[in-house]
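What follows is a short report on a single structure.
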Amino acid sequence: MSDYILYIALKCALVFMRLAPVQAWLFLARPMGWLYYYFAAKKNKKAYLNLKIAFSNISEFERKRIIKAMYIRFAQNLVEAMYLPLMDGAYIRKHVQITDMKVIEDAKKDHTSVIFLGCHAGSWELSNAACAGLFSKGSYAMLAQPQTKHRKIDSYLNRLRQDKGIRVIRVDELKTLMQHLGAGNPIGTIADHGGQDGIPVEFFGKLAMTPVGSVRLAKKMGSQIILAFMRRLHGPYHELLLKPYELVSTASPADDVKVNLANINKVFQDWVTKYPQEYLWFYKRWKYSPQKDVLILNDGKLGHLKQSLALVDCLQDLGFTVKSRLAEIKFKSAISAKFFALASYLFGPRFAGLILPFYLKSPGIREAAGHAYDMVVSAGSSLAAVNCSIAFEDNARSVSIMKPGIEPFSRFDLVIIPQHDRPPQRKNILSLLGSLNAVSPVSIKNDFQKLLEDRPELKSLESFDKPRIGLLVGGDSKHYTLTAEMADFLCSQIKRFLEERQGVIFLTTSRRTPASVVKVLRAHFEGYPACRLFVVASEANPRGAVGAIFYLSDCVIVSGESISMVSEAAASGRHVVVFEPSRLSLGPGKENNKVQRFLNAMAKEGFIYLVKLNAIYDKLLLLVDRKPEIKPLETRKVVLEGLKKIL
């Protein structure tokens, strides 16, 4: 019914348009296009985001100016499409200027078929009519998608095209298409279909699904490819830009297609860059892109950053091409951070995005926010409001790792919270045992290869047949303190085991390790023959040290004050022995802190062995002698399922 009503409306409009010349209607279309901008919020958003992808270096004002100019041209293009029945060959030749007719003359000399490749730019119906006028009537054809929703309008438009000497071939009529090209006839199609078919090829720096049919047809049929771009000069006058494209051959047919499409996209990219107002920016060019552009917000805490980077790794595991950008966020003061979070909570992410620059002292956010993102990731509560405001601006997926403070959970697409933080039950909340990390068999092997660049002597220890112990020593935290006396007792137990079993040890401290503890560790292990790696993280931290320790060790001993450190060790696929440093008294009712809850849960599930400090020697003997089955912590699988639901 709606199709029939639109068809009648179109017919009536065409009759009405005969009452005035096309110049008058084009003049009227300008304010109509400008006015449409203020009613097309959804299209404006899509156009603005696509412009951010293409032109990250221009201002918000300039992007909006381009969108308004695009709507004006779009309205004028619609007028010309409706006025097509009243345009004869003389009108088209007068109003469409082709500056390089030699391209057409050379194509005709070769007596081969020609494939005109255009894009979603300019007056599309007029450009096809202009191309058809360059050849004998009835020889030019255009490829068209079947329109199932508006069949009567589609049928009527096809009759108008045929009146202009344009034959319409459906994209599913392959035999007809081959016969048409085989007879040496020209055809017109577009290079930037926004569907799921095709292969991913870069367009303005982001992968876009690009149809392969034109290149494959040209190679199979020996056709020439001419790239075409229509731009409006002024009023009813246009320029049709033509550029012959010579196909490139490589050693692989699959590479042939990709290389040629990349070259073709580059030509259209240059034209669009020069005449951005001609392109249909609200078109779904990157809708099915396999590339995900991710903004990682960094609050300066290494543990938070590592969790955010682990989430980006998960995206790659899902098969996406990921381009990530890191933005360090620094508020002017702690009070500024609290006021901004409150403003976001009360007035929402749109308002928060407007005031965000006034609360930050890091200018990097301005440059980072100029790009378009598919996902914004942050860890911890301090940047949750920033995450929401940027994600709202880009219509991006918003992911928060850990509780987002006072920011409502409903504003995020996914919130990943450890079980020990007691998360509420919501559809968008993912509960993990332990913290998200990037540790895997592949990652620890890669880390080992990195460390070998500085310590090549470690290579021989891959096949060492005696016990190999890793030791990760943390330091003081909110809930614990690690004393020199504890460190001395720990070291004496480990050395006793190593001397009895002729084992080796790989040791690293953390940046939090107290100087007094480092001194004890030095006294026991620096220069000790069985200690093959001794790293003081606060002094020198070679690349891949922690991952390499996991890779080389049969068993890893970890101080239990750091949830992230224990989680990484548990994910390494090694036996993990955890001891608690001295607990700090935090007052009545706070004896069972979240770290304790985490350690108890990990031990209960069999991911770690939670022992008293004086039981480490016995536990090492048991693990070496009995070799119990290892149960690695696999938080990534849970996160992957959560990401699948929002992408």
Side-chain angles (χ1 to χ4, degrees), residues 53-54 98-122 127-128 131 134-135 140-143 169 171 174 177-178 180-231 240-275 278-279 283 285-286 288-291 321 323:
I53 293 172
I98 303 176
T99 52
D100 196 356
M101 278 298 295
K102 189 174 183 300
V103 173
I104 303 300
E105 293 165 3
D106 291 344
K108 288 180 176 179
K109 286 178 186 176
D110 291 341
H111 302 289
T112 58
S113 56
V114 176
I115 298 175
F116 284 93
L117 264 183
C119 66
H120 283 81
S127 63
N128 269 304
C131 289
L134 300 171
F135 300 89
Y140 181 87
M142 65 172 283
L143 273 181
I169 299 177
V171 292
L174 184 58
L177 175 60
M178 300 285 281
H180 181 84
L181 291 173
N185 293 319
I187 194 164
T189 185
I190 57 175
D192 61 343
H193 281 298
Q196 300 182 56
D197 297 331
I199 62 173
V201 181
E202 275 200 1
F203 187 56
F204 282 102
K206 182 165 185 174
L207 295 176
M209 297 307 292
T210 306
V212 301
S214 55
V215 170
R216 286 180 176 168
L217 273 174
K219 289 184 76 70
K220 183 177 180 66
M221 305 299 295
S223 304
Q224 300 177 67
I225 291 179
I226 296 177
L227 308 182
F229 187 92
M230 179 82 96
R231 76 180 188 97
L240 182 59
L241 304 172
L242 300 175
K243 184 172 183 176
Y245 178 75
E246 186 173 344
L247 290 170
V248 175
S249 294
T250 67
S252 164
D255 289 342
D256 280 0
V257 173
K258 192 160 190 175
V259 169
N260 284 297
L261 289 177
N263 293 340
I264 289 168
N265 273 1
K266 182 63 172 63
V267 174
F268 284 114
Q269 180 177 317
D270 291 342
W271 276 333
V272 172
T273 301
K274 195 171 183 180
Y275 311 109
E278 301 291 346
Y279 197 67
Y283 184 65
R285 186 67 184 99
W286 290 280
Y288 298 105
S289 172
Q291 177 179 321
T321 299
K323 284 189 176 181

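Everything numeric here is computed off the predicted structure, so don't read it as measured data.
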Next item on the list: Answer yes or no: are there more than 12 heavy-atom neighbours, outside D197 itself, under 6.0 Å from its atom CG?
Entry: no
Checklist line | Axial cation check for F135 ring with K108, 6.0 Å and 45° limits | finding: yes
Considering all heavy atoms, the nearest [X]-[Y] contact:
X	Y	answer
A141	I169	CB-CD1, 3.8 Å
W271	L241	NE1-CD1, 3.7 Å
V272	Y279	CG2-CD1, 3.8 Å
R285	M209	NH1-O, 3.1 Å
G205	K323	O-NZ, 3.1 Å

Checklist line | Option passing side-chain contact (heavy atoms from CB on, under 4.5 Å) with K258 (candidates T210, T250, I199) | finding: I199
Check: Considering the options N265, V259, V257, which one meets the side-chain contact (heavy atoms from CB on, under 4.5 Å) requirement together with L261?
Finding: V257
Point-to-point distance, once rounded to the nearest 0.5 Å, from [atom1] of [X] to [atom2] of [Y]:
X	Y	atom1	atom2	result
T99	L242	OG1	CG	7.0 Å
L117	F268	CG	CZ	5.5 Å
M230	N128	CE	CG	9.0 Å
Y283	H193	OH	NE2	6.5 Å
N263	Y245	CG	OH	3.5 Å
D192	W286	CG	CH2	9.5 Å

Next item on the list: Apply the test side-chain contact (heavy atoms from CB on, under 4.5 Å) to residues V114 and I104: give CA-CA distance (whole Å), side-chain angles for both, the deciding distance (0.1 Å), then the verdict.
Entry: CA-CA 9 Å; V114 176; I104 303 300; over 6 Å; no
Next item on the list: Flag the pair L181 / I115 as yes when at least one side-chain heavy-atom distance between them is below 4.5 Å, and no otherwise.
Entry: yes
Next item on the list: Report the C-alpha distance between D270 and K274 in whole Å, list the side-chain angles of each, state the deciding distance to 0.1 Å, and finish with yes or no for side-chain contact (heavy atoms from CB on, under 4.5 Å).
Entry: CA-CA 6 Å; D270 291 342; K274 195 171 183 180; over 6 Å; no
Check: Could K102 and D106 be called an ion pair, given the rule that one side-chain N must be under 4.0 Å from one carboxylate O?
Finding: yes
Next item on the list: Verify, without hydrogens or angle tests, whether Q291 (side chain) and T321 (backbone) share a donor-acceptor contact under 3.5 angstrom.
Entry: no
Note to self: For S249, is there any backbone N or O sitting under 3.5 Å from a side-chain donor or acceptor partner on D256?
What the structure shows: no
Checklist line | Audit row: F204, T273, side-chain contact (heavy atoms from CB on, under 4.5 Å) steps and yes/no | finding: CA-CA 9 Å; F204 282 102; T273 301; 3.3 Å; yes
Identify all side-chain donor-acceptor contacts of residues 211-226 below 3.5 Å with residues at least two apart in sequence or on another chain.
from	atom 1	to	atom 2	distance (Å)
S223	OG	S113	OG	2.5
Q224	NE2	A107	O	3.1
Q224	NE2	T112	OG1	2.8

